[in-house]
K.L.:
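After the structure tokens below, expect a handful of questions from me.
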Number of protein chains: 2
Amino acid sequence: MEKIGIKEIALRANVSTATVSYVLNGTRNVRPKTKERVLKVIEELNYRPNDIAKSLKSKRTNTIGVIAEDVTVFNVPEIIDGINEYAEKNDMHILLTNLRLQKRVGYDYANTDHYQKHAQDAVSNLLSKQVEGIIYIGIHPRDLTGLINTYNKPIVYTYCYAQNECSIQYNDEQASYDAIEYLVSKGHSRIAIISGLMDSIPSRLRFNGYYKALTEFQLPFDPQFIKVGDWGLNSGYHLAAELLKLQEPPTAILIMNDLMAAGALRAASEQGMVVPTDLSIVGFDNREFSAYLSPGITTMDLPLHDMGILAMKALYNRISGTNEKTEETPLCKLIERESVAGPRAALK
Amino acid sequence: MEKIGIKEIALRANVSTATVSYVLNGTRNVRPKTKERVLKVIEELNYRPNDIAKSLKSKRTNTIGVIAEDVTVFNVPEIIDGINEYAEKNDMHILLTNLRLQKRVGYDYANTDHYQKHAQDAVSNLLSKQVEGIIYIGIHPRDLTGLINTYNKPIVYTYCYAQNECSIQYNDEQASYDAIEYLVSKGHSRIAIISGLMDSIPSRLRFNGYYKALTEFQLPFDPQFIKVGDWGLNSGYHLAAELLKLQEPPTAILIMNDLMAAGALRAASEQGMVVPTDLSIVGFDNREFSAYLSPGITTMDLPLHDMGILAMKALYNRISGTNEKTEETPLCKLIERESVAGPRAALK
DNA sequence: AGAATAATGTGAAACGTTTAAAAAGGGTGA
DNA sequence: TCACCCTTTTTAAACGTTTCACATTATTCT
């Protein structure tokens, strides 16, 4: 099977390569008769245009790079799916680079320089492949302040806050606020919070939302009700236990991820408290397991798919020079399950 | 910022483009002095070679296509991660295509033709982009019998059984056998099985393993102990309930996925039976939630990462013409958690 | 019918590399 | 110093497209 190209087609259809190109791309009118002739040969030889050559000449690859810090982390695939959805609609392709940060042995997260090299290398490779833009998916929300040099190609970040750069993020503060509003609507007034590590921007934003809601609903702000966890199940377990041991324990806890919420569930059950009767819990993330625990965790669902779509949209706009900066901020959505009820006091 | 190419470099370093190419690729000796000179200019201008042009001439893209039926399905990202790991080591890049089968509305799984078009289109697109090979990741194990025309480029399938094609799969039969062996070692002899849909090859293979183990350990084969589910939680729930209502119920159940196992857990607890004291359960998949349920489900972990690695390895060998057909079959691994104990009868 | 215009077709250069083959340069030994 | 050989460098063609500028053919109008 010899390689066939546009030349061969032209030869057999008795036209010039230019004409073949025109029928292929509809770039110019070509007489129906000739068009048909060309098409027939193309069909017969089962010809497929070579996008590489096309790209070389036209300087468009229709390809973007997606850099994921780790594809196996729960929120990443859904984002990629969103990116893919929008990309597909605009005939864009995705060159996927997986940094595999979680799996590199001896990898130090605190060390920015450390991963900086990986990231920059990834960008360089993609650039060599002439991607038209890049989407960077951070895993743990973190603050990377415009570290990466893309040599004038557009880049949009998602899931991580990137200062001075286009970055698609859901509204953390709002989500937290909404959760509290929901708890208040259920009658709660003694609402504690278990936060994630405070060096993460989302933690701080969500805390803001909590605080804002508290003051807005004129609820007392009790320093004892503020706990800072490390995102892990055990930390949720211990901190919830502490909260429950207070002389006047909270009737509800907002917990910044479902993993810690699962820990809290365990702590409650060990102390003989039943959720939601004795204690209400709202988590974050809407992890798969949250639905299968009993009680199922009521939680804030992250708009991951939308983030993917919006990230791709933003990138696409930049690529096409459409300067409509429509950086929307998608919202989290409360998923009601069984871990929230009215406060016990209210029932009595 | 004007586009700079090898020509510009050559000009400034006062050499020919050929020489620049040689220092870039180490294809030929070049005098240290000139080499240094070239390198310096490259450095100064921050030049990056254009892989598109490179590919056009060299006919190698160092890129493979990965087609996933749906990236958001739990097992896919880990496979991709494995692919990525091996690819990265061999300087291969990944063009990701997501069929999004689960999300297409009105999509009919039973209709092969229906998705056949999607798949073939995806392949065609990748081929146009001159990928050197393709990895196809099916989601639900199914049998696609060499449907896709790759026009002589190598393709390897994984997670789905593809007849007459290179396909990387873990050993389903062995996994099932091992699970039974484990239960037997714990003292069980009345072991039931809840299978997935029987039109899936893995279901049948796992059933074989079950049957083989039973006869090998000289345990009675009781038709009442055979239940066929549909992979969903509810089906596990109902079938387990049926099993438990038998006059002589099993002391252990092997369940072909963790979702159904979670259902079984629920059924057991509703009937006042405690797992594992009254009933032992072994699942399949090692889903994340399996660890967070109580009791945690003892389950067969799927070697997804290895499958990715092996798939990429197999593909790479085909691409490089290394004709060592090392199609290995990775094995599942039992993850011991709390859902298995000795049978109650044995304790008495 | 003939001129003017519109529609269609062609030739060839260009895109940024690689790589034969040929040329130039540098050492070596006589 | 010269002839020889080995190393380094260059020239130029190719890879498979697109697209500009031009040439040809068809159509319309008077």
Side-chain angles (χ1 to χ4, degrees), chain A residues 1-39 41-42 45-63 91 124-125 127-132 151, chain B residues 1-39 41-42 45-63 91 124-125 127-132 151:
Chain A
M1 189 142 101
E2 354 71 65
K3 269 277 134 58
I4 58 171
I6 214 175
K7 271 190 202 150
E8 183 70 13
I9 305 291
L11 194 69
R12 303 217 194 189
N14 203 24
V15 292
S16 71
T17 63
T19 305
V20 179
S21 174
Y22 293 139
V23 350
L24 236 27
N25 304 296
T27 330
R28 211 139 105 178
N29 265 347
V30 25
R31 193 143 38 99
K33 218 169 166 179
T34 22
K35 185 172 187 172
E36 200 187 339
R37 191 148 36 98
V38 171
L39 250 20
V41 178
I42 285 177
L45 300 196
N46 211 317
Y47 164 78
R48 307 217 106 261
N50 179 332
D51 282 352
I52 294 292
K54 206 161 169 160
S55 294
L56 177 58
K57 178 63 193 172
S58 67
K59 291 171 173 301
R60 291 220 49 192
T61 53
N62 283 350
T63 302
D91 193 32
S124 286
N125 280 329
L127 256 24
S128 283
K129 290 228 171 287
Q130 310 297 114
V131 296
E132 304 189 19
Y151 304 100
Chain B
M1 190 142 104
E2 356 71 65
K3 270 277 133 64
I4 58 172
I6 216 176
K7 272 190 201 148
E8 184 70 14
I9 304 293
L11 194 70
R12 303 219 195 187
N14 203 27
V15 292
S16 71
T17 62
T19 305
V20 178
S21 175
Y22 294 139
V23 350
L24 236 27
N25 304 299
T27 331
R28 212 133 108 178
N29 264 348
V30 25
R31 194 142 38 98
K33 219 170 167 178
T34 21
K35 184 172 188 171
E36 200 186 339
R37 191 148 36 98
V38 171
L39 251 21
V41 179
I42 286 177
L45 299 196
N46 211 318
Y47 163 79
R48 307 217 106 264
N50 179 332
D51 281 353
I52 294 291
K54 206 162 169 160
S55 293
L56 178 58
K57 178 63 194 176
S58 68
K59 293 170 172 302
R60 291 221 50 194
T61 53
N62 283 349
T63 303
D91 193 32
S124 286
N125 281 329
L127 256 23
S128 283
K129 289 226 170 291
Q130 310 297 115
V131 296
E132 305 189 17
Y151 303 100

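The basis for the numbers below is simple: all heavy atoms, side chains too, and nothing from hydrogens, waters or symmetry mates. Here is the naming used below: chain letters follow the sequence lines, and residue numbers restart at 1 for every chain.
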K.L.:
So, does B:Arg48 use its side chain to make a donor-acceptor pair with the main chain of A:Ser128 at under 3.5 Å?
P.N.:
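No, because the side chain of B:Arg48 does not come within donor-acceptor range (under 3.5 Å) of the backbone of A:Ser128.
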K.L.:
Answer yes or no: does a side-chain N or O of A:Asn50 lie under 4.0 Å from OP1 or OP2 of D:dC15?
P.N.:
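So the side-chain polar atoms of A:Asn50 never come under 4.0 Å of the phosphate oxygens OP1 or OP2 of D:dC15.
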K.L.:
At less than 4.0 Å, is any side-chain N or O atom of A:Thr19 found next to OP1 or OP2 of C:dG9? Yes or no.
P.N.:
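It does not, given that no N or O in the side chain of A:Thr19 lies less than 4.0 Å from OP1 or OP2 of C:dG9.
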K.L.:
With respect to the phosphate group of C:dG11, does any side-chain polar atom (N or O) of A:Ser16 fall under 4.0 Å of OP1 or OP2?
P.N.:
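Answer no for this pair, as no side-chain N or O of A:Ser16 is under 4.0 Å from OP1 or OP2.
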K.L.:
Between B:Lys59 and C:dT17, is there a contact of a side-chain N or O with OP1 or OP2 at under 4.0 Å?
P.N.:
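Negative; the distance criterion is not met.
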K.L.:
Could you pull out all residues at least two apart from B:Glu132 that satisfy side chain to side chain contact (heavy atoms under 4.5 Å, CB included)?
P.N.:
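If we apply the side chain to side chain contact (heavy atoms under 4.5 Å, CB included) test to B:Glu132, skipping adjacent residues, the hits are B:Arg60, B:Thr61, B:Asn62, B:Met92, B:Ile319.
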K.L.:
Compare all side-chain heavy atoms of B:Val20 with those of B:Val41 and state whether any distance is below 4.5 angstrom.
P.N.:
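A side-chain contact is absent here, since even the closest heavy-atom pair is not under 4.5 Å.
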K.L.:
Give the nucleotide from the list C:dT18, D:dG16, C:dT17 with an atom nearest to the side chain of A:Lys57.
P.N.:
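When the side chain of A:Lys57 is considered, D:dG16 is the closest of C:dT18, D:dG16, C:dT17.
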K.L.:
Of all of residues 27-37 of chain A, which get a heavy atom below 4.0 angstrom from DNA chain C, listed by number?
P.N.:
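Output list: A:Arg28, A:Asn29, A:Val30, A:Arg31, A:Thr34.
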K.L.:
Could you tell me whether the side chain of A:Arg37 reaches within less than 4.5 Å of the side chain of A:Thr34, counting heavy atoms only?
P.N.:
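Yes, at least one pair of side-chain atoms sits under 4.5 Å.
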K.L.:
Is A:Tyr22 near enough to D:dC20 that one of its side-chain N or O atoms lies under 4.0 angstrom from OP1 or OP2?
P.N.:
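Looking at the OP1 and OP2 atoms of D:dC20, neither is under 4.0 Å from any side-chain N or O of A:Tyr22.
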K.L.:
Only pairs under 3.5 Å count here: list side-chain donor-acceptor contacts from residues 25-32 of chain B, not counting sequence neighbours, and write none if there are none.
P.N.:
residue : atom : partner : partner atom : Å
B:Asn25 : OD1  : B:Lys54 : NZ           : 3.4
B:Asn25 : ND2  : B:Ser21 : O            : 3.0
B:Asn25 : ND2  : B:Ser21 : OG           : 3.4

